[in-house]
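In each ligand, atom 1 is the first atom listed, and ligand 1 is the first ligand listed. Quick note: numbers below take in every heavy atom, side chains included, and nothing from hydrogens, waters or symmetry partners.
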Amino acid sequence: MDLGLSGRVAFVAAASKGLGKAAALALSAEGMKVVVAARGEATLRAAAQEIATQTGGEVEAVACELLDGAAIEAAIAATVRRFGRLDVLVANGGGPRPGGFEALGEDDWRHAIDGTLLSTVRLVRAALPHLRASKRGRVIVITSTSTREPIAGLLLSNVMRPAIVGLCKTLARELGPDGITVNNVAPGSFDTDRMTAVLTHTAQTHGITEVEARARTEASIPLGRLGRAEELAAAIAFLASERASYVSGQTLLVDGGRTGAY
Ligand code: NAD
C-alpha cells in the first residue's frame with residue numbers, strides 16, 4: 001500500500017530510543033523527511049544517523065528538552081527552517097513517573113502535568129501554523145491503554161492520558177476544517193527501556209523478580225508477548241498517511257488484545 005508520505009516532513013518528539021525512534025524510522029522508510037527531537041544529544045544524533053543509514057532518507061537531530069516550552073518552539077522552528085514545511089507531528093514524551101496515590105508527591109504531579117500534558121499542548125501549539133499550511137496535517141500522540149482503563153501502579157498515567165484523549169477529541173473537531181486529523185495511539189506493553197523501568201517498579205512493589213514481573217505481563221496479553229516498537233510504529237505510519245485521511249479523533253489501541261474495555 002502506498003501511504004502517500006513521500007517528500008513530506010515529520011517531527012517526532014522523544015525519538016532517541018524506544019517507541020519514538022521506531023516511529024521516526026517507519027516514517028523515514030516511507031520517504032518522509034524526519035526531525036527526531038529528544039534530550040541527550042549524543043544518543044539523539046546516533047539515532048538520527050542510524051535511521052538515515054537504514055532508510056537512506058534525510059533525518060535531522062534537534063536537541064529538545066520537552067519540559068521547556070521555549071525549547072519546543074525552537075525545535076519546531078528549526079524543523080521548518082531545515083525542511084521548509086511540517087506535515088506530521090508525532091507528540092511523544094518520557095512518560096509520567098510510576099506509583100500509587102500515596103507514593104506520589106507534589107513534584108511528581110507537576111512533572112506529569114508539565115511533561116505529559118503541557119508538553120503535548122505546547123508541541124501542538126508550535127506545530128499548528130505549519131500543519132495548517134500543509135493542508136493535510138496530522139497530529140498523532142503516543143498515549144497508553146490507561147486512556148481506556150486504569151493501570152495498577154501508574155496513577156499519573158491514568159490521570160494524564162485521559163486528559164490527552166479529551167485534548168485530541170476536541171482538537172479533531174477544532175482543526176478538522178483545516179484538513180488536520182488528530183489521533184492518539186495507545187500502546188499496551190512494548191519492549192523498551194521505559195517498560196523495563198515499569199517492570200522494575202512492579203517487581204519492587206510486589207516483592208517478585210523482574211523476570212517474574214515480565215512473565216506475568218506477558219501472560220496477561222492474549223498474543224502472549226510484549227509488543228515490538230515497530231508494531232506501534234506501523235500504526236503511527238498508517239495514521240500519518242493519506243490512507244487514514246478520514247480517521248480523526250480516535251484512540252487506537254495497540255496492545256496485543258489485552259485491554260478489556262470497548
Ligand atoms: P523510552 O524510555 O524507551 O524512550 C523515551 C524517550 O523520551 C527517549 O528518547 C528520551 O530521550 C525521551 N525523553 C524523556 N524525557 C524527555 C524530556 N523531558 N525531554 C525530551 N525528551 C525526553 O520510552 P518508550 O517506551 O519509548 O515510551 C514512550 C512513551 O510511550 C512514554 O510516554 C511512555 O509512557 C509511553 N508508553 C510506553 C509503553 C511501553 O510499553 N513502552 C506503554 C504505554 C505508554
Checklist entry - What residue and heavy atom of the protein are closest to atom 16 (C) of ligand 1, and at what distance? => result Arg39 NE, 3.5 Å

Next on the checklist: Check contact between Gly188 and ligand 1, using heavy atoms of the residue and a distance below 4.0 angstrom.
Outcome noted: yes

Next on the checklist: Among Ser144, Ala24, Ser16, Gly115, which one puts a heavy atom closest to atom 9 (O) of ligand 1?
Outcome noted: Ser16

Checklist entry - Tell me, which protein residue and heavy-atom name are nearest atom 25 (O) of ligand 1, and how many Å apart are they? => result Thr192 OG1, 2.4 Å

Checklist entry - Should one rank Val12, Thr143, Ile142 by closest heavy-atom distance to atom 44 (C) of ligand 1, which comes out on top? => result Thr143

Item to check | Nearest-contact summary for atom 4 (O) of ligand 1 - protein heavy atom, Å | outcome: Lys17 CG, 3.6 Å

Checklist entry - Against heavy atoms of Ser189, which atoms of ligand 1 measure under 4.0 Å? => result 40 (O)

Next on the checklist: Looking only at side-chain N and O atoms, does Thr209 offer a donor or acceptor that is under 3.5 Å from a partner on Glu212?
Outcome noted: yes

Next on the checklist: Side-chain heavy atoms nearer than 4.5 Å, only ILVMFWY residues, links allowed to pass through others: does that put Leu232 and Phe11 together?
Outcome noted: no

Checklist entry - What is the closest protein heavy atom to atom 19 (N) of ligand 1, and at what distance does it sit? => result Leu66 N, 2.9 Å

Item to check | Joint cluster assignment, Leu5 & Val36, ILVMFWY side-chain distance < 4.5 Å | outcome: yes

Checklist entry - What are the atoms of ligand 1, with element, lying closer than 4.0 Å to any heavy atom of Met195? => result 39 (C), 40 (O)

Item to check | Val88 reachable from Ile76 in the ILVMFWY side-chain graph, under 4.5 Å edges | outcome: no

Checklist entry - Using 4.0 Å as the upper bound for N to carboxylate O, is an ion pair formed by Arg122 and Glu73? => result no

Checklist entry - What atoms of ligand 1 come within less than 4.0 Å of a heavy atom belonging to Phe190? => result 39 (C), 40 (O), 41 (N)

Next on the checklist: I'd like to check which ligand 1 atoms, numbered from 1 as shown, lie under 4.0 Å from a non-hydrogen atom of Cys64.
Outcome noted: 19 (N), 20 (C)

Checklist entry - If you count the atoms of ligand 1 from 1 in the order shown, which ones are under 4.0 Å from a heavy atom of Glu65? => result 17 (C), 18 (N), 19 (N)

Checklist entry - Does Pro187 have a non-hydrogen atom less than 4.0 Å from ligand 1? => result yes

Checklist outcome for this item: Note: ligand 1 atoms sitting under 4.0 Å from heavy atoms of Gly93 are 28 (C), 29 (C), 31 (C), 32 (O)

Please table the atom pairs, donor to acceptor, closer than 3.5 Å between any side-chain atom in residues 171-183 and protein atoms at least two apart or in another chain.
{"residue": "Asp178", "atom": "OD2", "partner": "Arg132", "partner atom": "NE", "Å": "2.8"}
{"residue": "Asp178", "atom": "OD2", "partner": "Arg132", "partner atom": "NH2", "Å": "3.4"}
{"residue": "Asn183", "atom": "OD1", "partner": "Gly249", "partner atom": "N", "Å": "3.2"}
{"residue": "Asn183", "atom": "OD1", "partner": "Gln250", "partner atom": "N", "Å": "2.9"}
{"residue": "Asn183", "atom": "ND2", "partner": "Val247", "partner atom": "O", "Å": "2.9"}

Checklist outcome for this item: Among Gly18, Ala14, Ala38, Gly94, closest by heavy atom to atom 14 (C) of ligand 1 is Gly94

Checklist entry - When clusters are formed by joining ILVMFWY residues with side-chain heavy atoms under 4.5 Å apart, either directly or through shared neighbours, do Ile72 and Val34 land in the same one? => result no

Item to check | Pairing of Asp107 and Arg97 as salt bridge, 4.0 angstrom limit | outcome: yes

Checklist entry - Would you say the side chains of Asp255 and Thr145 form a donor-acceptor pair under 3.5 Å? => result no

Item to check | Nearest-contact summary for atom 23 (O) of ligand 1 - protein heavy atom, Å | outcome: Arg194 CB, 3.2 Å

Item to check | Of the listed options Leu19, Asn92, Leu154, closest to atom 37 (C) of ligand 1 (non-hydrogen atoms) | outcome: Leu19

Checklist entry - Looking just at side-chain N and O atoms, do Arg258 and Ser220 make a donor-acceptor pair shorter than 3.5 Å? => result yes

Next on the checklist: I'd like to know whether ligand 1 has Arg161 as a neighbour, heavy-atom separation below 4.0 Å.
Outcome noted: yes

Checklist entry - Would you say Phe238 and Val139 are hydrophobically clustered, going by side-chain heavy atoms of ILVMFWY under 4.5 Å? => result no

Next on the checklist: Applying the side-chain hydrogen bond (donor to acceptor under 3.5 Å, both in side chains) criterion to Thr251, which one of Thr143, Thr147, Asn184 satisfies it?
Outcome noted: Asn184

Item to check | Numbered atoms and elements of ligand 1 in range of Gly95, under 4.0 angstrom, heavy atoms | outcome: 31 (C), 32 (O), 34 (O)

